[in-house]
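All figures in this text were calculated on a predicted structure; none of them were measured in a lab. The analysis underlying the following values was restricted to heavy atoms, covering all of them including side chains, and did not include hydrogens, waters or symmetry mates.
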Amino acid sequence: MRTNYCGAINAGYLDQTVTLFGWVHRRRDHGGVIFIDLRDREGLVQIVCDPDDIETFQTAEKIRNEFVLKISGKVRKRPDGTVNTSLFSGEIEILVATIEVLNPSLTPPFLMDDDTISEAVRLEHRYLDLRRPMMQSNLRLRHKAAMAARVFLDQHGFLDIETPILTKSTPEGARDYLVPSRVNAGHFFALPQSPQLFKQLLMVSGFDRYYQITRCFRDEDLRADRQPEFTQIDIETSFLSADEIMTLMEEMIRCLFKTVSGVDLPDPFPRLTYADAMFKYGSDKPDLRVALEFTELTDIMKDVTFKVFREAAEKPDGRVAALRIPKGGELSRKEIDDYTQFVGIYGAKGLAYIKVNNLADGVEGLQSPILKFLPEETIKTILARTQANNGDLIFFGADKAKIVNESLGALRIKIGHQHGHAQSGWKPLWVVDFPMFEWDEEENRWQALHHPFTSPADGHEDLLEKDPGKALSKAYDMVLNGSEIGGGSVRIHRQDVQSKVFRALNISVQEAQEKFGFLLEALQYGAPPHGGIAFGLDRILTMMTGAESIRDVIAFPKTQRAQCLLTHAPSAVDEKQLRELNIRLRQVELKPN
């Protein structure tokens with residue numbers, strides 16, 4: 001039987017005999033003495049095979065990387081000058097008494113300490129990739145974070161309750177993954193995008209504090225920080241206000257970061273309204289490490305002759321804003337051209353700028369191709385509002401507010417981190433007072449900004465029908481270093497208010513009954529005031545570990561094409577299975593995985 005983990009032995013075990021199991025990380029033959037780095041989930045330990053023990057030494061000569069071994073031996077100090085301070089076990093080594101090969105290994109496609117492996121190769125051989133120290137560390141940290149959340153929630157009276165994986169397809173923003181029912185021909189289950197409806201039903205059922213670390217599924221186009229299946233810390237509670245929920249959840253995240261990473265997050269987190277976040281940073285998840293802010297110029301551009309600025313200022317949904325870059329005058333023309341191309345990704349048609357060379361010289365001390373189109377008084381106002389100094393550069397965005405916010409907001413982050421305008425460390429905040437709805441130009445209708453079960457702000461119930469665009473909600477997002485790590489809201493607990501929201505969203509009574517009838521009925525049976533939040537565990541862990549991809553904190557992730565390179569899923573199924581499900585495929589060209 002194993003007496004110790006490899007990476008958990010140190011000088012405290014000197015002269016003890018230990019039995020270890022693990023994988024051969026590396027084998028070295030140093031002129032008659034064979035050294036083996038034996039690895040398990042806790043780390044490495046060096047074992048020594050002495051040629052005086054003929055049987056053990058002959059076995060060691062045949063050993064190669066990734067063989068599985070059982071060894072017994074005595075713990076001794078390493079010779080002077082050979083201590084490895086980077087290892088927990090670096091002061092000692094194991095002099096082998098017995099060694100047994102439990103299973104040999106083929107030559108692996110990569111070394112476990114190779115950081116240059118392509119991700120495709122890693123995912124294809126994920127069972128080997130997961131042996132690598134980095135991945136072992138990431139998944140151990142994942143376990144620690146999940147346990148920290150469980151302990152906190154248990155201590156605060158939350159119950160871990162499972163909700164269904166096979167459920168009903170409901171419109172929640174993204175496309176559902178559908179599962180055909182064999183016993184109900186022509187009908188389909190949906191995999192849950194979140195347990196939203198069920199956790200509300202649990203509140204109606206009297207379980208006033210629920211949580212679940214749960215899998216969620218969304219059939220959407222993937223980005224670097226998204227997966228088709230992902231994990232949420234899902235939370236719901238009754239009889240707490242939005243402020244009380246935020247205070248409690250903020251405490252949980254502080255506890256999680258302290259327990260897992262030894263990080264002290266601020267207490268309390270700052271709060272920023274959605275309107276202020278968009279006004280200052282062009283984003284509802286602002287990175288507060290970056291000190292740069294927007295300057296509003298829409299009001300002074302309605303009468304200028306410069307068409308680009310004037311037309312944007314005259315649009316009902318238009319905006320003209322500036323972004324001052326301290327010492328940005330040092331940027332080359334090529335760098336400015338590169339940034340112009342960058343904002344084009346977000347729909348911006350260009351990137352006007354003014355270089356501030358010498359304020360004392362007035363307009364003559366400025367450099368820009370747009371100066372001739374702007375009155376001197378307007379230029380003075382721009383300089384005053386942006387608080388420009390000599391050597392600064394002022395960038396401008398002028399278009400629909402959405403395009404200005406997204407393009408200048410992305411530019412703010414890019415320049416901030418590239419040119420020393422960003423602090424290090426962790427900058428959390430809450431974003432609050434979100435609009436209830438956003439206008440969908442393609443469908444010509446209002447859409448729920450969060451989801452259709454979000455409660456309107458107090459006193460805004462009448463706006464749901466009179467002026468939906470002005471209605472605010474009791475929604476709140478937790479943001480950390482420019483990423484939304486959690487989002488939630490106080491829910492609607494009255495059927496009459498829920499019906500008003502459905503009408504604002506142009507969801508008919510019949511459609512509401514078909515999609516959400518069970519919830520609407522439940523709300524009529526003494527539903528308590530309730531609200532909750534869901535945290536993206538994968539995203540939090542990606543930030544904690546400093547991983548380049550969310551896939552590095554998930555044991556068996558999918559690619560950005562939603563494929564599993566290990567199992568070659570998704571895959572075709574045979575005709576018999578399709579017939580059992582009453583499904584017939586159209587002729588399509590199948591693309592290989």
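For the residue pair Glu251/Thr247, the side-chain donor-acceptor check at 3.5 Å is not satisfied. A donor-acceptor contact closer than 3.5 angstrom is absent between the side chains of Ser194 and Gln232. For the residue pair Thr295 / Glu293, no side-chain donor-acceptor distance below 3.5 Å is found, with atom types taken as modelled. At a cut-off of 3.5 Å, with distance as the only test, a side-chain donor of Ser169 or Asp176 sits close to an acceptor on the other residue.
With sequence neighbours left out, Tyr346 forms a ring-ring contact (aromatic ring centres under 6.0 Å, His included) with Phe342. Not counting sequence neighbours, the partners of Lys315 by the side-chain contact (heavy atoms from CB on, under 4.5 Å) test are Asp317, Asp399, Lys400. The side-chain contact (heavy atoms from CB on, under 4.5 Å) test applied to Thr545 returns Asn138, Leu141, Ala547, Val553, not counting sequence neighbours. Qualifying side-chain contact (heavy atoms from CB on, under 4.5 Å) partners for Gln155, counting only residues two or more places apart in sequence or in other chains: Val151. Asp458 meets the side-chain contact (heavy atoms from CB on, under 4.5 Å) test with Lys474; sequence neighbours excluded.
Judged as a salt bridge (Lys or Arg N to Asp or Glu O under 4.0 Å), not a single pair has a partner in residues 526-536 (not counting sequence neighbours). Contacts classified as salt bridge (Lys or Arg N to Asp or Glu O under 4.0 Å) and involving residues 144-156 (residues at least two apart or in different chains) are given here: Arg150-Asp160. For residues 528-538, every residue pair satisfying the salt bridge (Lys or Arg N to Asp or Glu O under 4.0 Å) rule, not counting sequence neighbours, is listed here: Arg142-Asp538. Identified under the side chain to side chain donor-acceptor pair (under 3.5 Å) test for residues 518-531, with sequence neighbours left out: Gln200-His530. Within the structure, no pair that satisfies the ring pair (Phe, Tyr, Trp, His ring centres under 6.0 Å) test touches residues 535-560, not counting sequence neighbours. Among pairs with a residue in residues 201-216, those fulfilling salt bridge (Lys or Arg N to Asp or Glu O under 4.0 Å) read Arg215-Glu229, at least two apart in sequence or across chains. Residue pairs that meet the ring pair (Phe, Tyr, Trp, His ring centres under 6.0 Å) test with at least one member in residues 236-264, sequence neighbours left out, are Phe257-Trp426.
Between His451 and Phe453, the two ring planes are tilted [angle within 30° to 60°]. Below 30°, between 30° and 60°, or above 60°: for Phe395 and Tyr339 the angle between ring planes is above 60°, a perpendicular geometry.
His156 places a side-chain N or O within donor-acceptor distance of the main-chain N or O of Phe152, the cut-off being under 3.5 Å.
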